[in-house]
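Written out below as structure tokens is the structure these notes cover.
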Amino acid sequence: MDSLDPLPPERVDAYLRRIGAERPDRPTEAALRELQLRHLEAVPFENLSVHLREDVVLDAAALVGKVVDRGRGGFCYELNGAFAALLRALGYRVELLQARVYGDDGHPGIPYDHLALRVRAADGGGRAWLTDVGFGDHSHFPLDLDERGEQEDPAGVFRIVEAPGPGPEDGGGAEPEDGAGEGPEDGAGTGMAAGAGTGTAAGADGDLDVVRDGRPRYRLERRPRALADFAVGAWWHRTSPESPFTRSPVCSLLTGRGRVTLSGRRLITTEDGSRTERVLSDDGELLAVYRDRFGIRLDRPPVPLHPRP
């Protein structure tokens with residue numbers, strides 16, 4: 001099955017079981033909110049394939065298989081790629097969008113730094129939603145792409161604003177903090193130019209900045225892309241010493257009371273606003289935490305591909 005083939009009904013049912021969701025009667029906006037939250041609470045952001053030396057294949061069947069059959073998660077290309085396949089099979093109109101993640105220097109990173117989704121439901125009158133299950137500590141619910149005011153979410157106050165200009169052509173993607181990918185305590189995917197080379201043209205509509213609590217998170221291009229366009233970005237982020245995702249294993253999951261993150265051997269738990277952190281003592285404890293806290297069963301611990309000196 002290639003990236004354009006629909007998921008068979010039995011795969012849709014298996015995916016819904018994986019995230020603990022009921023099949024919606026119709027592809028509504030309310031159902032989309034529920035599906036995104038369920039996904040975030042069931043499927044972790046993780047970059048373990050990088051540190052287990054596993055390949056990352058950007059194909060809908062492979063991505064869904066990783067999430068559903070292997071009980072794994074992934075980074076943005078994988079998580080949003082798989083979620084797009086599920087949403088399309090449920091009747092949503094879904095487009096893939098590329099984004100550039102803002103780094104600590106305040107500059108957006110390389111093109112194809114992140115994959116996000118633009119989703120339209122059957123009952124929304126064509127309203128577009130920014131749907132993202134691959135950016136770690138980010139909005140719990142879809143964001144209205146046409147709304148320029150503040151949007152309240154359990155994760156913070158978000159705004160989607162017109163970008164002031166094309167921005168710098170160079171710059172690094174956001175680096176994971178505490179194993180958090182592009183969020184302060186979690187993870188997400190990024191990438192570099194693919195398909196379109198290094199071009200950053202946004203089309204007639206211009207780019208959008210996604211802002212959380214006053215801080216720009218990523219710059220979103222409105223032109224739809226194909227999953228294959230992100231292949232070079234996924235390759236770069238899983239192989240390059242310059243990629244933040246090759247430096248340390250990260251696994252992070254939203255919970256009903258906060259978030260749990262495993263960054264290397266540091267287990268970081270946030271519950272009801274209170275944060276605790278401890279270092280795991282040995283490989284046995286590490287593998288047990290992957291299994292018990294994230295549902296990931298490994299036969300060996302991941303080893304950093306390009307550890308920091």
Test salt bridge (Lys or Arg N to Asp or Glu O under 4.0 Å) applied to R278 - qualifying residues, sequence neighbours left out: E285

CG/D292: more than 12 non-hydrogen atoms of other groups inside 6.0 Å: yes

Distance-only side-chain donor-acceptor flag, R297 / Y290, under 3.5 Å: no

Nearest heavy-atom neighbours spanning A99 and L220: CB-CD1, 3.9 Å

Contact check, side chains of P44 and S252, non-hydrogen atoms, under 4.5 Å: no

R247 CZ to S263 OG distance, which is reported to the nearest 0.5 Å: 12.0 Å

Aromatic centroids of Y218 and H138 separated by under 6.0 Å: yes

Shared hydrophobic cluster, V57 / L79 (ILVMFWY, side-chain heavy atoms < 4.5 Å): no

Return a table of donor-acceptor pairs under 3.5 angstrom between the side chains of residues 153-161 and protein atoms on other chains or two or more places apart.
{"from": "D153", "atom 1": "OD1", "to": "H140", "atom 2": "N", "distance (Å)": "3.2"}
{"from": "D153", "atom 1": "OD1", "to": "F141", "atom 2": "N", "distance (Å)": "3.1"}
{"from": "D153", "atom 1": "OD2", "to": "H140", "atom 2": "N", "distance (Å)": "2.9"}
{"from": "D153", "atom 1": "OD2", "to": "A155", "atom 2": "N", "distance (Å)": "2.9"}
{"from": "R159", "atom 1": "NH2", "to": "R148", "atom 2": "O", "distance (Å)": "3.3"}

Spacing of CZ belonging to R100 relative to CG belonging to D207, to within rounding of 0.5 Å: 8.0 Å

Validation row: L90, P24 side chains within 4.5 angstrom (heavy atoms): yes

Step-by-step salt bridge (Lys or Arg N to Asp or Glu O under 4.0 Å) determination, R300 to E54: CA-CA 13 Å; R300 66 188 190 281; E54 298 173 344; 5.4 Å; no

Side chain to side chain, E95 and L117, heavy atoms closer than 4.5 Å: no

Fellow cluster residues of L305, listed by chain then number, with links counted only when side-chain atoms sit under 4.5 Å apart: V50

Salt bridge (Lys or Arg N to Asp or Glu O under 4.0 Å) assessment of R275 paired with E271: CA-CA 7 Å; R275 172 186 166 117; E271 292 187 349; over 6 Å; no

Shortest non-hydrogen separation from N80 to V133 and the atoms involved: OD1-N, 2.9 Å

Spacing of Q36 atom CD and L40 atom CG [to the nearest 0.5 Å]: 5.5 Å

L96 versus A84, closest heavy-atom pair with distance: CD2-CB, 3.9 Å

Which atom of P216 lies closest to which atom of G214, heavy atoms considered: CD-O, 3.8 Å

Nearest atoms (heavy-atom pairs only) where K66 meets S49: NZ-OG, 2.8 Å

Residue pair V67 / E78, side-chain heavy-atom distance below 4.5 Å: no

side-chain contact (heavy atoms from CB on, under 4.5 Å) between E29 and D123, worked out: CA-CA 7 Å; E29 292 182 340; D123 64 341; 3.4 Å; yes

R93, CZ: over 12 other non-hydrogen atoms inside 6.0 angstrom: no

Verdict with supporting geometry, R266 and T261, side-chain hydrogen bond (donor to acceptor under 3.5 Å, both in side chains): CA-CA 8 Å; R266 287 186 301 136; T261 298; over 6 Å; no

Intermediate values then yes/no, side-chain contact (heavy atoms from CB on, under 4.5 Å), W235 and V56: CA-CA 8 Å; W235 169 81; V56 174; over 6 Å; no

OG-CZ distance between S240 and F245, expressed to the nearest 0.5 angstrom: 12.0 Å

Worked verdict on R38 versus E34 for salt bridge (Lys or Arg N to Asp or Glu O under 4.0 Å): CA-CA 6 Å; R38 293 277 187 167; E34 178 71 9; 2.6 Å; yes

Q98 backbone acceptor or donor facing E221 side chain under 3.5 Å: no

Heavy-atom donor-acceptor pair, R217 side chain to V101 backbone, under 3.5 Å: no

Full working for side-chain contact (heavy atoms from CB on, under 4.5 Å) between R238 and D55: CA-CA 9 Å; R238 67 182 176 83; D55 197 10; 2.9 Å; yes

Test salt bridge (Lys or Arg N to Asp or Glu O under 4.0 Å) applied to R215 and D104, step by step: CA-CA 10 Å; R215 177 185 174 187; D104 292 335; 3.7 Å; yes

Pair R222 + E162: basic N to acidic O under 4.0 Å: yes

N/O donor-acceptor pair under 3.5 Å between D59 side chain and A61 backbone: yes

Pair D69 + R18: basic N to acidic O under 4.0 Å: no

S139 (side chain) donor-acceptor with P142 (main chain) under 3.5 angstrom: no

Side-chain heavy-atom pair R225, F230 within 4.5 angstrom cut-off: yes

ILVMFWY cluster membership beyond V279 - transitive side-chain contacts under 4.5 angstrom: none

Test applied, side chain to side chain donor-acceptor pair (under 3.5 Å); reference residue, R257; option that passes from T269, D272, T270: D272

Ring-ring centroid check F135 F45, cutoff 6.0 Å: no

Side chain proximity check, R118 to T131, heavy atoms < 4.5 angstrom: no

Derivation of the side-chain contact (heavy atoms from CB on, under 4.5 Å) call for R11 and V68: CA-CA 8 Å; R11 299 301 284 158; V68 173; 4.1 Å; yes

Partners passing salt bridge (Lys or Arg N to Asp or Glu O under 4.0 Å) against E41 (at least two apart in sequence or in another chain): none

Close side-chain approach of W129 to L32, heavy-atom, < 4.5 Å: yes

Inter- and intrachain pairs under ring pair (Phe, Tyr, Trp, His ring centres under 6.0 Å), touching residues 12-42, at least two apart: Y15-H39, H39-F83

CG-CZ distance between L287 and R291, expressed to the nearest 0.5 angstrom: 8.0 Å

Distance, nearest 0.5 Å, that separates CZ of R72 from SG of C251: 8.5 Å

Within-4.5 Å side-chain heavy-atom neighbours: I19 and L35: yes

D132 versus L115, closest heavy-atom pair with distance: OD1-O, 4.4 Å

Ionic contact status for D13 with R23, cut-off 4.0 Å: yes

